[in-house]
There are 2 protein chains.
Amino acid sequence: MESIVTMAKAEQTGSYKGSEKLRPEEMIYHEMLDAILDRRLEPGMKLIEEDLAKTFGVSRARIRATFLQLAHDKLINLVPNRGAFVAEPTIDEAIEVFSARRMIEDGVARKVATSMTPERAEQIKAHLDREHDAHHRGDHRAAIILSGEFHLLLARLSGNLVIEEFLERLILRTSLIIAMYESPQPVDCSHTEHDQLLSALLSGDPDVAAAEMSRHLDAIRDRLQLQRPKPGKTDFASIFGRIPTSEAS
Amino acid sequence: MESIVTMAKAEQTGSYKGSEKLRPEEMIYHEMLDAILDRRLEPGMKLIEEDLAKTFGVSRARIRATFLQLAHDKLINLVPNRGAFVAEPTIDEAIEVFSARRMIEDGVARKVATSMTPERAEQIKAHLDREHDAHHRGDHRAAIILSGEFHLLLARLSGNLVIEEFLERLILRTSLIIAMYESPQPVDCSHTEHDQLLSALLSGDPDVAAAEMSRHLDAIRDRLQLQRPKPGKTDFASIFGRIPTSEAS
DNA sequence: GCTGACATGATTGTTAACAATTTTGCATGC
DNA sequence: GCATGCAAAATTGTTAACAATCATGTCAGC
């Protein structure tokens with residue numbers, strides 16, 4: 001899996017679709033990923049097998065296999081005999097994802113800080129340039145994806161493939177969470193925070209690096225509107241503040 | 001997912017098979033999991049769809065879906081047009097799994113140590129009793145599984161579902177690694193180490209707890225024979241100490 | 001005796017049709 | 001007007017057959 005990387009690469013060149021020769025199964029997975037993170041597929045939306053099969057020109061069997069992958073990454077929900085729905089991460093889930101990330105990425109920051117080399121520093125700086133660029137272009141979506149890839153880059157530099165893969169999944173979930181809960185006027189300051197993070201990493205002090213990472217992740221979380229559930233299309237319970245018992249309007 | 005828990009429960013009562021009414025898809029997943037961890041399915045073994053389908057009395061489609069799940073947990077390898085094979089974790093993979101576990105479980109130990117209550121202590125002690133019991137019964141397999149469940153219990157007490165699920169996968173992989181690389185005469189002292197871990201957790205000091213956890217995980221790893229690859233059935237390269245070029249006997 | 005092409009069998013990949021289930025719409029009765 | 005039951009449509013779940021691919025064994029040629 002290197003979806004985020006692939007996506008970010010595509011962001012640079014423009015469109016993601018068909019920019020590389022992927023096997024159809026991977027292509028479909030990435031297309032759907034793309035659509036979910038881009039909110040063309042809204043949280044809660046029903047995903048009908050046959051429609052998707054026709055859209056992509058493949059059989060339902062392949063769609064079902066893709067569903068299993070997406071469900072494993074918790075980007076969709078699979079309900080027996082009911083079908084597949086774009087995931088709607090709850091506030092509790094969102095909080096747990098950030099908590100898990102802090103737990104893991106503290107360790108990542110520690111390792112990266114204590115194994116820093118000029119070469120690696122350059123790698124990180126090069127990535128930060130791309131982030132700044134996307135931000136100044138006003139390309140919000142590219143900024144979110146590159147921001148995720150920044151964290152993935154650090155995981156890679158930490159030198160543990162297992163952690164890297166796991167974090168990739170968490171970052172995808174985070175992107176979905178951000179898409180769901182971001183403020184109406186997105187105050188996207190993460191690129192500044194990434195600069196500060198680089199400084200902390202360059203200090204070589206693992207405690208400083210970990211503290212900065214925690215602060216950064218908390219900041220992302222706190223910029224979200226995690227106070228009340230953002231009502232989905234039919235979330236009457238939260239709209240009217242009570243458990244739905246009948247269909248009263 | 002609560003496979004390990006389910007399996008451990010079954011261990012108590014005796015056989016795992018069919019001890020609970022699971023949906024057939026879950027049943028098959030658990031049966032295969034069971035067989036892999038129990039080494040009835042040896043690492044590298046080919047898994048033929050039709051044979052398994054007949055064995056379990058289901059269609060190939062369901063077997064294929066199960067394969068996707070197992071492959072996602074890295075318990076089998078899926079090779080296009082070739083089929084499914086029981087995973088053969090390499091030494092490097094094994095080391096990375098332990099490294100990742102240390103990274104995560106250090107944090108788990110910290111959290112559990114700082115949130116200990118008499119009730120939770122009792123929960124842990126009760127589990128340790130079961131471990132000792134299995135050990136004195138000489139039930140090696142139950143001991144391995146309960147040992148894994150001990151770590152999973154701590155993850156649960158740490159209060160993060162994301163971490164818990166991730167760690168469950170890593171523990172499953174660890175079980176496979178242990179099955180592959182354990183010493184001929186298994187010196188299974190982990191139950192003693194778990195006692196020490198409990199002491200460290202009860203101290204309430206997060207640093208002490210984390211240090212003990214690291215020591216424990218390193219100890220498990222160091223008890224394995226991770227120096228040279230354990231030859232599979234047809235690993236002539238390691239048997240004869242050279243690259244295979246022809247079929248010379 | 002060894003190499004390589006070829007045919008054969010085994011296995012995976014794919015498709016389409018059928019069965020089971022759920023959802024939707026409509027009519028009926030209160 | 002509203003709930004209930006029923007029928008129809010839509011959708012998922014399952015199966016079996018077919019196509020494509022890979023592994024194996026055989027045999028001609030050198």
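Order of the sequence lines sets the chain letters (A, B, ...), proteins ahead of strands, with each chain counted from 1. The analysis underlying the following values was restricted to heavy atoms, covering all of them including side chains, and did not include hydrogens, waters or symmetry mates.
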- Item | Given DNA chain C, 5'-ward residue of the pair A/Gly57 and B/Leu47, judged by closest heavy atom | B/Leu47
- Query: Is any NZ, NE, NH1 or NH2 atom of the basic residue among A/Arg221 and A/Asp218 found under 4.0 Å from an Asp or Glu carboxylate oxygen of the other?
  - Reply: yes
- Item | Reading 5' to 3' through nucleotides 16-23 of chain C, protein heavy-atom contacts under 4.0 Å coded B for base, S for sugar-phosphate only, - for none | -----SSS
- Which of these, A/Leu41, A/Val86, A/Leu176, sits in a side chain to side chain contact (heavy atoms under 4.5 Å, CB included) with A/Leu75? A/Leu176
- Sidechain N-carboxylate O distance under 4.0 Å for A/Glu50, A/Arg60: no
- Task: Measure from CD1 on A/Ile48 to C1' on D/dA9 and round the result to the nearest Å.
- Result: 12 Å
- Take atom CZ of B/Arg64 and atom C1' of C/dT11, then tell me their distance rounded to the nearest Å. 10 Å
- A/Met32 side, atom CE; A/Phe67 side, atom CZ - distance, nearest 0.5 Å: 5.0 Å
- Task: Specify the separation, in whole Å, of atom CD1 of A/Ile76 and atom P of D/dT12.
- Result: 11 Å
- Between atom CZ in B/Phe56 and atom C1' in D/dT15, what is the gap in whole Å? 19 Å
- Message: Quick check for you: among C/dG13, C/dT15, D/dT11, whose closest atom lies nearest to any side-chain atom of A/Lys46?
- Response: D/dT11
- Nearest-Å distance for atom pair CZ/C1', residues A/Arg62 and D/dG13: 19 Å
- Note on the structure: From the candidates D/dT12, C/dT15, C/dT14, the one with an atom nearest any side-chain atom of A/Glu50 is D/dT12
- Message: I need the CD1-P distance between B/Ile28 and D/dT14, as an integer number of Å.
- Response: 10 Å
- Message: Between A/Arg130 and A/Glu149 (salt bridge meaning N to carboxylate O under 4.0 Å), is one present in this structure?
- Response: yes
- Take atom CD of B/Glu49 and atom P of D/dC22, then tell me their distance rounded to the nearest Å. 15 Å
- Message: For B/Gly148 versus B/Ile171, what's the shortest heavy-atom pair and its separation?
- Response: O-CD1, 3.5 Å
